[in-house]
Amino acid sequence: MSKETPCIAVCMIDPKTSLCFGCGRTLPEIARWHRMDSAERHAVMAQLAARMTDAGLVQPLAAGAKAD
């Protein structure tokens, strides 16, 4: 995936937090992602790591990524 999206192709929504297990976005954010301008996308992406940590979610490895 490109730098313009946090998607790692693990698209499942956590029923407790309503966040995507893969990227941390909400369904409304995912739905309008392609209509957001670059600044809005980057603003959302800047929040995702903290959002997932606060929700107790651990981001899985992206497809093809290697664990250390």
Side-chain angles (χ1 to χ4, degrees):
M1 300 295 157
S2 78
K3 295 286 185 187
E4 283 289 312
T5 180
C7 181
I8 62 167
V10 177
C11 305
M12 293 188 305
I13 301 298
D14 176 38
K16 292 181 183 178
T17 64
S18 297
L19 299 176
C20 174
F21 281 111
C23 67
R25 293 179 294 171
T26 64
L27 280 174
E29 288 168 339
I30 293 167
R32 70 173 208 277
W33 195 256
H34 292 290
R35 293 188 308 271
M36 292 181 185
D37 63 27
S38 184
E40 189 176 4
R41 288 180 188 158
H42 286 280
V44 170
M45 287 191 291
Q47 300 172 14
L48 296 179
R51 182 187 289 182
M52 290 187 73
T53 298
D54 291 347
L57 300 175
V58 176
Q59 187 176 32
L61 290 175
K66 293 182 181 178
D68 291 331

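Just so it is clear, the values below take in all heavy atoms, side chains as well, and ignore hydrogens, waters and symmetry mates. We're numbering straight along the sequence, starting at 1. Since this is a predicted model, take the numbers as computed values, not measurements.
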query = So, the side chain of R41 versus the backbone of W33: is there a donor-acceptor pair under 3.5 Å, distance only?
reply = yes
ask   = For V58, what are the other residues in its hydrophobic cluster, where any two members join if their side-chain heavy atoms are less than 4.5 angstrom apart?
value = none
key: Set of salt bridge (charged side-chain N to carboxylate O under 4.0 Å, His left out) partners for R32, sequence neighbours left out   = E40
Heavy-atom closest pair, residues P6 and C23 = O-CB, 3.6 Å
request  = Treat each ILVMFWY residue as a node, draw an edge where side-chain heavy atoms are under 4.5 Å apart, and state whether M36 and M45 are in one component.
outcome  = yes
inquiry  = Which heavy atom of M52 sits nearest to which heavy atom of C20, and what is that distance?
reply    = CE-O, 4.1 Å
key: salt bridge (Lys or Arg N to Asp or Glu O under 4.0 Å) contacts in which one or both residues fall within residues 18-31, not counting sequence neighbours   = E29-R51
query = side chain to side chain donor-acceptor pair (under 3.5 Å) with D14: which residues, sequence neighbours excluded?
reply = T17
query = In terms of hydrophobic clustering (I, L, V, M, F, W, Y; side-chain heavy atoms under 4.5 Å; direct or indirect links), are M12 and L57 co-clustered?
reply = yes
message = Tell me whether L19 shares a hydrophobic cluster with L48, the cluster being built from Ile, Leu, Val, Met, Phe, Trp, Tyr side chains joined at under 4.5 Å.
response = no
